[in-house]
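One structure is given below, encoded as structure tokens.
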Amino acid sequence: MTGPNNPSGSGDEHPRGWELLRAVEVMEALAAPDGDAWTHTQTHSTLARYLLEETHEVLDVIDDPAGHGPQALADELGDLLFQILFHAQLGTRENPAWDIDDVARAFIAKMERRNPHVFADDADQALRDRDDVDEIIAQWHAVKAAERASEQDEARTVGLPGSDWFAHIPARLPALQTALKAVHRARSDGRLQQLRDAAHRAANEDDAEDWAADQALGLLELVIAAESRDRDPETALRTLLCRTERILAQGNSLAGSDRAHSE
């Protein structure tokens with residue numbers, strides 16, 4: 001028997017993704033005229049802080065899974081999914097309107113474009129070795145570089161190669177992640193040395209000592225090394241600090257317990 005709770009007609013089993021459709025329905029119910037009054041007052045701007053908070057709560061679990069329960073990541077990702085669904089619902093009010101299907105469509109198009117070894121008609125010929133992760137990363141870089149080349153912006157048009165490596169990076173992104181994205185783009189364009197040269201010129205300006213330019217150059221080199229291994233230094237440092245804090249807290253707890261037993 002098929003129906004709203006059993007679309008596949010296969011007993012009690014639902015197809016994968018069924019709950020995502022239910023999540024969309026829940027969001028639509030909240031936004032309906034007879035739904036939730038608080039939901040009706042929200043905008044992309046008012047929701048921004050919740051998106052940031054939920055993202056950091058997800059990162060907290062990823063950085064220190066031992067400090068959370070077994071379902072913590074799924075729960076936190078659910079909160080983050082709510083934010084995505086909410087912004088997509090708000091999109092239906094805009095002109096031109098867009099919705100969660102447009103979000104999914106953009107995701108699908110990007111993944112199919114950037115993973116030709118999985119989705120292209122000649123997928124078997126896209127890579128020499130489908131198990132070579134380095135080759136997959138290089139392919140991803142090449143596809144992204146081609147995408148940027150097809151979106152010639154004004155800076156490139158006037159002959160300023162490389163000036164778009166920092167374009168459209170969120171202003172609130174931490175400095176290490178900003179550097180990582182710029183390095184990734186420069187390497188994808190085959191001009192990483194140009195980025196390095198520009199950084200060294202910036203570090204040789206008259207006020208270099210005032211802002212510890214030599215240390216900043218050292219950090220940039222660490223980012224370049226991390227990017228070459230497809231690693232995120234921001235995540236690495238945040239994870240280290242999170243786990244260090246937990247170990248210190250456990251140590252203090254154990255020390256307090258030892259003192260109590262010795263008295």
Side-chain angles (χ1 to χ4, degrees), residues 15-21 23-24 27 44 47-48 51-52 54-55 58-59 62 73 76-92 94 96-156 162-174 176-192 223 226-232 234-235:
R16 188 176 300 278
W18 166 250
E19 297 297 342
L20 280 175
L21 296 177
V24 173
M27 187 67 247
H44 293 301
L47 289 176
L51 179 62
L52 186 63
E54 300 300 353
T55 299
V58 169
L59 293 175
I62 291 174
L73 185 55
E76 296 301 344
L77 286 171
D79 292 340
L80 188 57
L81 175 63
F82 173 50
Q83 296 303 311
I84 295 170
L85 293 172
F86 208 148
H87 282 281
Q89 179 63 36
L90 292 175
T92 64
E94 299 179 2
W98 56 277
D99 60 16
I100 192 64
D101 284 327
D102 292 288
V103 176
R105 193 173 296 113
F107 161 75
I108 292 167
K110 183 174 292 186
M111 290 302 102
E112 290 181 343
R113 190 170 62 247
R114 294 184 179 179
N115 294 280
H117 61 295
V118 178
F119 300 108
D121 292 337
D122 57 346
D124 291 341
Q125 284 76 49
L127 296 174
R128 291 188 302 272
D129 181 358
R130 292 174 61 86
D131 295 325
D132 187 337
V133 175
D134 289 336
E135 189 178 354
I136 292 172
I137 293 170
Q139 174 185 254
W140 182 279
H141 287 183
V143 173
K144 289 188 70 174
E147 290 172 357
R148 284 200 307 280
S150 68
E151 299 169 356
Q152 294 281 326
D153 63 16
E154 189 174 332
R156 288 197 173 202
S163 58
D164 63 338
W165 292 336
F166 292 89
H168 309 301
I169 296 179
R172 295 183 182 181
L173 200 66
L176 287 176
Q177 286 185 308
T178 297
L180 184 70
K181 290 185 73 68
V183 166
H184 178 82
R185 292 172 177 181
R187 192 190 299 276
S188 297
D189 284 349
R191 296 204 301 272
L192 181 57
V223 170
E227 193 275 340
S228 71
R229 298 167 52 204
D230 195 32
R231 295 290 185 265
D232 175 13
E234 182 76 30
T235 297

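Just so you know, these numbers come straight off a predicted model, no measurement behind them. Computed from heavy atoms alone, side chains included, the values below leave out hydrogens, waters and symmetry copies.
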How close do [X] and [Y] get, heavy atom to heavy atom, and via which atoms?
X      : Y      : value
Ala88  : Val103 : CB-CG2, 4.3 Å
Thr55  : Leu51  : OG1-O, 2.7 Å
Arg231 : Leu180 : O-CD1, 3.6 Å
Glu54  : Asp79  : OE1-CB, 3.2 Å

How long is the span from the [atom1] atom in [X] to the [atom2] atom in [Y], to the nearest 0.5 Å?
X      : Y      : atom1 : atom2 : answer
Leu127 : Asp132 : CG    : CG    : 8.0 Å
Glu76  : Ile62  : CD    : CD1   : 10.0 Å
Glu135 : Asp129 : CD    : CG    : 6.5 Å
Leu90  : Leu85  : CG    : CG    : 11.0 Å
Asp189 : His184 : CG    : NE2   : 9.5 Å

A quick test of your reading: do over 12 heavy atoms of other residues, nucleotides or ligands sit less than 6.0 Å from CG of Asp122?
yes
With a 4.5 Å limit on heavy-atom distance, are the side chains of [X] and [Y] in contact?
X      : Y      : answer
Arg185 : Ile169 : yes
Val24  : Asp99  : no
Trp165 : Arg191 : yes
Met27  : Ile100 : no
Trp98  : Arg105 : no

For residues 112-120, run the donor-acceptor check on the side chains, cut-off 3.5 Å, and write out each pair with its distance to 0.1 Å, sequence neighbours left out.
{"from": "Arg113", "atom 1": "NE", "to": "Glu147", "atom 2": "OE2", "distance (Å)": "2.6"}
{"from": "Arg113", "atom 1": "NH2", "to": "Glu147", "atom 2": "OE2", "distance (Å)": "3.2"}
{"from": "Arg114", "atom 1": "NE", "to": "Glu147", "atom 2": "OE1", "distance (Å)": "3.2"}
{"from": "Arg114", "atom 1": "NE", "to": "Glu147", "atom 2": "OE2", "distance (Å)": "3.2"}
{"from": "Arg114", "atom 1": "NH2", "to": "Glu147", "atom 2": "OE1", "distance (Å)": "2.7"}
{"from": "Asn115", "atom 1": "ND2", "to": "Met111", "atom 2": "O", "distance (Å)": "2.9"}
{"from": "His117", "atom 1": "ND1", "to": "Gln139", "atom 2": "NE2", "distance (Å)": "2.9"}

